Amino acid sequence: MNTDGNFWATIGAAGIGGIIGVVGTIVTALINRQQPMAALVDARIRMLIEGYERRINELQGEILRLEQKVDALTHELELTRANSPLGF
């Protein structure tokens, strides 16, 4: 019986088993990491969208105020023209 051959075969098999275990652990860690990473990206995108929606609402409010101001000024101009002795 050759104990040297059995020793190296056992060490080789243990090394290969260890490598497979390490690779499996890395793959599992990467798979488990994708879910939190996706949640983080989703949260960031949601935050950006909410910020843009808030800014759009603010701009729409400003546009409405400006339109009202233009309407008021146009009305005042029409009244001034109507009351002008020259008619323009």
Side-chain angles (χ1 to χ4, degrees):
M1 193 182 208
N2 187 354
T3 57
D4 266 348
N6 288 338
F7 175 76
W8 290 112
T10 304
I11 293 295
I16 291 173
I19 290 172
I20 291 171
V22 168
V23 170
T25 302
I26 291 171
V27 169
T28 302
L30 289 174
I31 289 171
N32 289 339
R33 183 175 173 219
Q34 287 178 356
Q35 204 169 28
M37 182 67 90
L40 179 65
V41 170
D42 287 347
R44 178 72 175 148
I45 290 171
R46 187 176 24 249
M47 186 178 77
L48 289 172
I49 289 172
E50 288 171 357
Y52 286 131
E53 287 175 345
R54 187 172 43 253
R55 184 66 179 141
I56 287 170
N57 289 337
E58 290 171 0
L59 290 172
Q60 286 174 336
E62 183 67 22
I63 289 169
L64 181 62
R65 285 189 294 277
L66 290 172
E67 286 174 343
Q68 290 171 346
K69 189 180 270 188
V70 167
D71 289 342
L73 290 172
T74 303
H75 180 71
E76 287 294 320
L77 181 60
E78 289 171 357
L79 288 177
T80 304
R81 283 183 179 164
N83 294 331
S84 173
L86 299 175
F88 58 86

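Quick caveat: nothing in here was measured; it's all calculated off a predicted structure.
- The NZ atom of Lys69 lies 12.5 Å from the CG atom of Asp71; values are rounded to the nearest 0.5 Å.
- Distance check, rounded to the nearest 0.5 Å: CG of Leu77 to NE2 of His75 gives 11.0 Å.
- The OG1 atom of Thr25 sits 11.5 Å away from atom CD1 of Ile20, with the distance rounded to the nearest 0.5 Å.
- Arg55 meets the salt bridge (Lys or Arg N to Asp or Glu O under 4.0 Å) test with Glu58; sequence neighbours excluded.
- By the rule that hydrophobic residues join a cluster once side-chain heavy atoms approach within less than 4.5 Å of another member, Leu64 and Ile56 end up as members of separate clusters.
- One finds no salt bridge joining Glu78 and Arg81 here, because no Lys/Arg side-chain nitrogen approaches an Asp/Glu carboxylate oxygen to under 4.0 Å.
- Here the side chain of Ser84 pairs no donor or acceptor atom with the backbone of Thr80 at under 3.5 angstrom.
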Step by step, would you call Arg54 with Asn57 a side chain to side chain contact (heavy atoms under 4.5 Å, CB included)? CA-CA 5 Å; Arg54 187 172 43 253; Asn57 289 337; 5.6 Å; no
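- Under the 4.5 Å side-chain contact rule for hydrophobic residues, Val41 and Ile49 share a cluster.
- Here CZ of Arg65 is found 8.5 Å from CD of Gln68. Values are rounded to the nearest 0.5 Å.
- The hydrophobic side chain of Met47 is isolated, with no ILVMFWY side chain under 4.5 Å apart from it.
- Atoms CD and CD, on Gln60 and Glu67 in that order, are 10.5 Å from each other to the nearest 0.5 Å.
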